[in-house]
Amino acid sequence: VGTPLGSQKVGVVAATEGTRYTTVEITGAPVTVTPNTGVDGQEVTISGSGFTAGSAIATITVGGVSVTNLSSGGLATTNAVTTVSADNSGNLTASFLLPNDAVLRTAGDHKIIITDASSRTGEVHVTVPGRTMTLDTAESKRGSTVNVTGTGFKAKASITISYTNSGSSAVTVGTSTADALGNWSGS
């Protein structure tokens, strides 16, 4: 098990002077994620350097949730993340869908951690946006059309547009499908 990334306390013991402490910043392999903002089910690509040459990816986690398969063109594949190896210079690239998990439906920064088979680790953050829904008018007359847009929803999700009438029963008035970035519109 390697030393955890981040600031670590180091102590040096001298026989006549006691223990002296300092800190050292332990950094992992440099990693980037594109895009750096995404929703669950959206494809992202990680690129890293400084991994062990020829070493396969052992694990990828996002917000503590394991990623098992790669993706291509926004669609999941059956190829495991462990099929990707760093080149002879320690560089690697892999695309995958952000996991469909409650953790990743929580707005904020989520850590992506990539570990190779030699335990070399790199990390980067992806930002999950908050969900929004906007109506094009604050009020309307019975029978009129109200346009609705939403952002930050699960990529390619089916959306049901409904309202609650005075009897507290939900009435469905439309449907939509979120795009690959979690955006949708309807009326």
Side-chain angles (χ1 to χ4, degrees), residues 28-51 56-87 90-116 121-138 140 145-164 170-187:
V31 178
T32 60
V33 60
T34 306
N36 61 4
T37 298
V39 296
D40 61 323
Q42 180 178 338
E43 183 175 66
V44 296
T45 300
I46 53 108
S47 298
S49 60
F51 287 90
I57 292 176
T59 61
I60 298 176
T61 60
V62 183
V65 180
S66 293
V67 174
T68 55
N69 291 333
L70 300 170
S71 64
S72 178
L75 301 173
T77 70
T78 56
N79 299 329
V81 297
T82 56
T83 61
V84 174
S85 293
D87 64 16
N91 303 314
L92 59 78
T93 300
S95 295
F96 56 89
L97 302 181
L98 291 174
N100 179 13
D101 188 272
V103 169
L104 295 172
R105 287 189 291 275
T106 303
D109 288 340
H110 298 277
K111 190 183 299 184
I112 299 175
I113 301 174
I114 303 94
T115 305
D116 71 17
T121 300
E123 60 184 51
V124 65
H125 286 87
V126 64
T127 301
V128 174
R131 290 184 174 174
T132 65
M133 186 176 73
T134 306
L135 305 175
D136 69 348
T137 183
S140 69
T145 299
V146 176
N147 296 308
V148 186
T149 58
T151 62
F153 284 73
K154 177 178 171 42
K156 303 175 189 167
S158 296
I159 307 293
T160 300
I161 304 166
S162 61
Y163 74 95
T164 303
V171 176
T172 299
V173 294
T175 60
S176 185
T177 301
D179 64 17
L181 304 176
N183 302 318
W184 59 272
S185 64
S187 54

Would Leu75 and Lys156 satisfy side-chain contact (heavy atoms from CB on, under 4.5 Å), going step by step from the backbone distance to the final call? CA-CA 11 Å; Leu75 301 173; Lys156 303 175 189 167; 3.8 Å; yes
4.5 Å side-chain heavy-atom contact, [X] and [Y]:
X	Y	answer
Ile57	Thr82	no
Arg105	Val128	no
Asn36	His125	no
Leu98	Val39	no
Ile112	Ile60	yes
Thr61	Ser66	yes

Between [X] and [Y], what is the shortest heavy-atom contact and its length?
X	Y	result
Pro129	Gly152	CG-CA, 4.1 Å
Thr132	Phe153	O-CE1, 3.4 Å
Ile161	Ser187	CD1-N, 4.1 Å
Gly74	Leu97	O-CD2, 3.6 Å
Trp184	Ala178	CB-CA, 3.8 Å
Ile114	Val31	CD1-CG1, 3.7 Å

Side-chain donor/acceptor of [X] to backbone N/O of [Y], under 3.5 Å:
X	Y	answer
Thr77	Leu70	yes
Ser176	Ile159	no
Ser71	Ala76	no

Between CG of Leu104 and NE2 of His110, what distance do you get to the nearest 0.5 Å?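 Separation between the atoms: 5.5 Å.
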Please say which of Thr32, Leu92, Thr93 ends up in a side-chain contact (heavy atoms from CB on, under 4.5 Å) with Ile46.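 Considering Thr32, Leu92, Thr93, a side-chain contact (heavy atoms from CB on, under 4.5 Å) with Ile46 is found only for Leu92.
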Stepwise side-chain contact (heavy atoms from CB on, under 4.5 Å) check, Asp136 with Val146: CA-CA 6 Å; Asp136 69 348; Val146 176; 3.7 Å; yes
Is it the case that Thr34 and Thr45 place a side-chain donor and acceptor less than 3.5 Å from each other?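 Result is no, nothing qualifies.
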